[in-house]
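In each ligand, atom 1 is the first atom listed, and ligand 1 is the first ligand listed. FYI, the numbering just counts along the sequence from 1. Please read these numbers as outputs of a predicted model, since none were measured by experiment.
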Amino acid sequence: MDPSGVAAQTQKSPWGSVGPAAPACSLTEVMSEQLARQLDEENAFPALSDPAVDPLRPEEAPDTASDLMLAQMLQMQFDREFDDQLRREEKKFNGDSKVSISFENYRMVHPYEDSDSSEDEVDWQDTRLDPYRADKPQTTPRRGFSGKGKNITTKHDEDTCGRKNTARMDNFAPEVHVGDGLGMDLKLSNQVFNSLKQHCYSEQRRSARLHEKKEHSTAEQAVDPRTRLLMYKMVNAGVLENINGCISTGKESVVFHADGGSLEEQPVPEEVVLKVFKTTLNEFKNRDRYIKDDYRFKDRFSKLNPRKVIRLWAEKEMHNLSRMKKAGIPCPDVVLLKKHILVMSFIGKEHVPAPKLKDVMLGSEEMKEAYQQVLQLMQQLYQDCSLVHADLSEYNMLWHQGKVWLIDVSQSVEPTHPHGLEFLFRDCRNVSTFFQKRGVSEAMSVYDLFNTVTGLNIPVGAEDEALFMAEIVALEKRNEDHIQKRGKKTFLVTSEDGGPPLEPDSDD
Ligand code: ADP
Ligand code: MG
C-alpha cells in the first residue's frame, strides 16, 4: 500500500529524481528564460532516437517548470497508483463471490476524472461503478434482520427501506424522469414511493389511452368498444401487424384495411381487410329473410339472440367465400373469423382497393371481356357452388388484375331458398342493365341471362316480366312443397360439397 515504494522502482516516475527547486526569480527572468528555451527548441530539436534525451524525463519536460504543476502531477500519479493498488486489493478481497464489497469510497481519483486510461474505461462500463446509477442498497438477509444485539437492523428499518425505494425508482417507465441522485444518500419513505408509483402507473395508462385514440381515430368513429377490443386483440396476438384505416362504411358493415401478421405459423396475406358486421341491430332487421329461410342456418337462427345472429352473417360470408374459392371463382381468401369480424385477403395493391366495376374506366373490348367473365362467374356460382349472390351488382364486383372479383356474399343463399330464384332474377337484371348501359352489345336480356345461368327453360315469349316472375315463384313454391312433403329438395339438389344441381323434377 505504500505508494512511494512502488514509485521508487521506476525511473519514469515523477518523483524518481526531482531536480532542486528553482530559486525565486523576477518576471523578466522568467520571460527571458522562456524566450531562450523557445529559441533553443526552434534551432536544435533533439532527435527522439537519441538515448541521452528522454522526453518523458520530468526535468526535460517543459510542464515541470512550475512547482505547482509539478506537485499536482505528482499528486495525480500518487493517487492513480494508490487506486490501482486499491483495485487489486478489492479484487482479491471479493474473489468470485456474487456479493461484493466495493472499495469505491476509498478511491482517490473518481472514475470520471480518470477516463484517459484504458483500464479505467473498462471500469466505467462496469455498472457497479456507474456514477449515474444509485448504489444498490444493502440487502437484508433472508432471515429478515442483520446485526446482533443492540445493533440489529430489520428489513423494516427506515433507512434501509428508504434506500431500497430510491433504487426501485429505476424500474419506473423510461419516460419518468427520476433523476440520478448522484453521490447522494437518498431515502424515500414508503408513502412517497407508493404515491409516486401510483402516479407513474396512471400516467402510463393515460398516455397509452391517448396514443390509442390518436392511432385509431378513424376506427373509433365506426365501431363500438367491444369490437375495438376484438380488433386490438388481433393485433396483440400478431395476426395483424397494424390496422390502417377504413375502406368503406356501409349500413351493415365497416371494412378496414390492415397489414397481415401471422397466424399459428401460417402466413397471413401481407394486406388484409377486416369486415366488421355492424352490431346495431336495426340495420339487420330487413335482412332476416336471407338467413331465416336458409336451411343451413334455420335451426340455429331461432335459438339465437340478436347479437349472435349478427355473427351468423359473418359466418355465412365465410362459408360462401370458401365454397367460391373451391370452385375457382376470384374472391377474397378467408383468413380468420372472430365473432362478427371476418378477416380476408385484400383485393387491391399497396393500400389501394381494387375499383368497383361501377367506377372503373374500361375500353369497349375490356368491358366485353368483363361481361363474359361475369356471365361465367354467375354460372359457376349457381352450378358449382349452389349459390345465388343475392346482391350482385356493379357495386359488389371489383376489377383487379384484368379480372372480375366477387365480394360481399354474406347474404348469398342456396337456389333452394324459398326466394332464391327471385334473388337471382334481381341479380340478372342488375348485370344486364349495367352492361347494356356500358354499351356491351353482347349483353343478354335479363330473361336470357336467367335461363343461361340456371339452365332452366322458362319460356320468354312476350317478355312480360310479370309472367316470367310468376313462373319463377311457381317454381319456388313447387320446390318448397316438395321439401315439405318429402323432406328433400327437388328441382335443384344442393350439397355442401358443391355437386352439380339436378334438373327440375319433371313429374312434380
Ligand atoms: P357491404 O355489405 O357494406 O357492401 P362489402 O363487402 O361490399 O360490404 O364491402 C364494402 C366495400 O369495401 C366494397 O365495396 C369494397 O370497396 C371494399 N372491400 C370489401 N372487401 C374487400 C376486399 N377483400 N378487398 C378490397 N376491398 C374490399
Ligand atoms: Mg357491398
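- Between Val255 and ligand 1, no pair of N/O atoms sits closer than 3.5 Å.
- Contact annotation for Ile407 and ligand 1: only side-chain heavy atoms (C-beta onward) come within less than 4.0 Å of the ligand.
- Under a 4.0 Å criterion applied to the non-hydrogen atoms of Pro332, ligand 1 contributes the atoms 23 (N).
- Panel note: side chain Glu476, backbone Glu422; a donor-acceptor pair is recorded below 3.5 Å.
- Scanning all heavy atoms of the two residues, the minimum distance from Lys356 to Glu394 falls at CB-O, 3.6 Å.
- For ligand 1, one of its N or O atoms has an N or O atom of Asn396 under 3.5 Å away.
- Listed for the Glu271 side chain is a donor-acceptor partner under 3.5 Å among the backbone atoms of Glu350.
- Under the 3.5 Å distance criterion, the side-chain polar atoms of Lys325 are matched with a main-chain donor or acceptor of Cys331.
- Annotation for ligand 1: atoms under 4.0 Å from non-hydrogen atoms of Phe346 are 24 (N), 25 (C).
- In summary, Ser248 places no N/O/S atom under 2.8 Å from the Mg ion (ligand 2), failing the contact criterion.
- Contacts with ligand 1 closer than 4.0 Å are made by backbone heavy atoms (N, CA, C, O) of Ser345 only, the side chain lying farther away.
- Taking every heavy atom of Ser248 and a limit of under 4.0 angstrom, the matching atoms of ligand 1 come to 10 (C), 11 (C), 12 (O).
- The proximity of Val273 to ligand 1, defined as any non-hydrogen pair under 4.0 Å, is limited to the side chain.
- Every atom of ligand 1 is numbered from 1 in the order shown, and the set under 4.0 Å from a heavy atom of Lys275 is 2 (O), 5 (P), 6 (O), 8 (O).
- Using a 30° and 60° split on the angle between ring planes, His257 and His351 fall in the tilted class, from 30° to 60°.
- Distance alone, capped at 3.5 Å, is enough to place a donor-acceptor pair between the Gln411 side chain and the His389 backbone.
- For a threshold of 3.5 Å applied to N or O pairs, the pair formed by Asp408 and ligand 1 contains at least one separation below that value.
- Counting heavy atoms only, Lys356 comes closest to atom 16 (O) of ligand 1 of the residues Lys278, Lys356, Glu271, Lys358.
- Between atom CG of residue Leu375 and atom CE of residue Met444 there is a gap of 4.5 Å, rounded to the nearest 0.5 Å.
- Among all heavy-atom pairs drawn from Ser410 and Glu317, the shortest one is CB-OE1, 3.4 Å.
- Here the CG atom belonging to Asn479 is positioned 6.5 Å from the OG1 atom belonging to Thr416, to the nearest 0.5 angstrom.
- Of all the N, O or S atoms in Asp408, the one closest to the Mg ion (ligand 2) is OD2.
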